[in-house]
Novice: 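Attaching a single structure in structure tokens format; questions to follow.
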Amino acid sequence: MIDFITIIDYIGTFAFAISGIRLASAKQFDWFGAYVVGLATAIGGGTIRDILLGVTPFWMTQPAYMIVTGLALVFVIVFGKYVIRLNNTFFIFDAIGLGLFAVVGIEKSLTCGFAFWVAIIMGMTTGAAGGVIRDVFINEVPLIFRKEIYALACVWGGLVFYICMWLGLPAALTQLISAIGVILARLLAVKYRISLPVLKGL
């Protein structure tokens, strides 16, 4: 039986893959190139996380992530007329993937026995690193390096996760609330133009 965190992982993979494929389509990549960008977006952060945690990267033991990315490509191809033309499509799917992957990273780190501060860093890595790889592939400045709130949204989600654990909430509810916390932080930061100060050259 598939548990809740696995469902979150698959949904996050689908959402992040679509965000990568959508941007690849804007750069007029072919189908295979778009699939590679989508796959790198979906598994990049988790791969870095697993290497740092000293475990086998998750996608090497479960081909489902390759399949989910393939389904994301089919989704964009079939509904491309609607998906690609919507300016906010990338942003929405990216925000969803960010929130879900941050929770997956936190949960896996805690399962491996690491301290919570490590789990927050791994949650941020899981959520944000795939987007960095995606942006490098399509020759864009990574979102994490811009003034928009991105990686910090994952940190906020980690704090929400900790508070929920401290309150003794059920695991599934903790994961859901934390993911929503990340997504809302990202949405509100963009809507109200909340950002960190830019470091100006000396």
Side-chain angles (χ1 to χ4, degrees), residues 2-53 55-105 108 122-146 148 150-151 153-154 179 182-183 186-187 190:
I2 300 177
D3 58 12
F4 186 69
I5 194 66
T6 302
I7 294 174
I8 286 180
D9 202 11
Y10 288 158
I11 295 174
T13 298
F14 186 76
F16 250 1
I18 286 180
S19 77
I21 293 167
R22 187 250 184 264
L23 288 184
S25 70
K27 296 282 186 175
Q28 298 187 341
F29 283 35
D30 63 22
W31 287 9
F32 180 73
Y35 177 83
V36 170
V37 173
L39 184 63
T41 307
I43 71 172
T47 300
I48 295 173
R49 174 204 65 214
D50 287 351
I51 291 173
L52 291 175
L53 294 178
V55 299
T56 302
F58 62 101
W59 57 269
M60 297 179 71
T61 59
Q62 300 181 55
Y65 297 94
M66 308 292 182
I67 298 172
V68 171
T69 301
L71 293 175
L73 176 63
V74 172
F75 179 85
V76 174
I77 292 171
V78 173
F79 299 102
K81 179 180 177 181
Y82 307 100
V83 174
I84 298 173
R85 291 181 182 178
L86 295 176
N87 291 329
N88 61 348
T89 302
F90 156 71
F91 172 68
I92 293 173
F93 280 107
D94 188 66
I96 293 172
L98 185 70
L100 297 178
F101 272 11
V103 170
V104 171
K108 187 161 189 177
M122 291 299 102
M124 181 180 67
T125 300
T126 308
V132 173
I133 297 172
R134 173 199 64 215
D135 293 343
V136 170
F137 275 12
I138 64 172
N139 198 28
E140 295 284 349
V141 177
L143 276 173
I144 194 175
F145 299 139
R146 304 178 202 173
E148 294 180 358
Y150 192 76
C154 297
V182 175
I183 295 169
R186 177 75 178 128
L187 296 177
V190 172

Novice: What pairs meet the ring pair (Phe, Tyr, Trp, His ring centres under 6.0 Å) rule with one or both residues in residues 21-44, with sequence neighbours excluded?
Specialist: none
Novice: Side-chain donor-acceptor contacts of residues 57-64 below 3.5 Å, not counting sequence neighbours, with atom names and distances?
Specialist:
from : atom 1 : to  : atom 2 : distance (Å)
W59  : NE1    : T47 : OG1    : 2.8
T61  : OG1    : F58 : O      : 3.1

Novice: Would you list the pairs meeting salt bridge (Lys or Arg N to Asp or Glu O under 4.0 Å) in which at least one residue belongs to residues 34-50, sequence neighbours left out?
Specialist: D50-K108
Novice: Just to verify, what does Y10 make a ring pair (Phe, Tyr, Trp, His ring centres under 6.0 Å) with, not counting sequence neighbours?
Specialist: Y65
Novice: Could you report the tightest heavy-atom contact between V37 and G20, atom names first, then the distance?
Specialist: CG1-O, 3.5 Å
Novice: Just verifying a value: how many Å separate L52 CG and T126 OG1, rounded to the nearest 0.5 Å?
Specialist: 9.5 Å
Novice: List the atom of A17, the atom of A72, and the distance in Å for their closest heavy-atom pair.
Specialist: CB-CB, 3.7 Å
Novice: How far apart are the closest heavy atoms of F16 and A42, and which atoms are they?
Specialist: CB-CA, 4.1 Å
Novice: Could you report the tightest heavy-atom contact between T69 and G38, atom names first, then the distance?
Specialist: CG2-C, 3.9 Å
Novice: With sequence neighbours left out, write down each residue that passes salt bridge (Lys or Arg N to Asp or Glu O under 4.0 Å) with R134, or none if nothing qualifies.
Specialist: D94
Novice: Can you name the salt bridge (Lys or Arg N to Asp or Glu O under 4.0 Å) partners of D135, sequence neighbours left out?
Specialist: none
Novice: If every non-hydrogen atom of A153 is compared with every non-hydrogen atom of V182, which pair is closest and at what distance?
Specialist: O-CG2, 3.4 Å
Novice: Can you tell me how far the OG1 atom of T6 sits from the CD1 atom of I11, to the nearest 0.5 Å?
Specialist: 11.0 Å
Novice: Quick one: are T125 and M122 in side-chain contact, heavy atoms under 4.5 Å?
Specialist: yes
Novice: Say you draw a straight line from CD1 of I8 to OG1 of T13; how long is it, rounded to the nearest 0.5 Å?
Specialist: 11.5 Å
Novice: Does the side chain of D9 come within less than 4.5 Å of F101's, by heavy atoms?
Specialist: yes
Novice: Is the shortest heavy-atom distance from the side chain of V104 to the side chain of I5 under 4.5 Å?
Specialist: yes
Novice: Would the number of heavy atoms belonging to other residues, nucleotides or ligands and lying under 6.0 Å from CG of D30 be above 12?
Specialist: yes
Novice: Tell me the closest heavy-atom pair linking A95 and I183, and the distance in Å.
Specialist: O-CG1, 3.4 Å
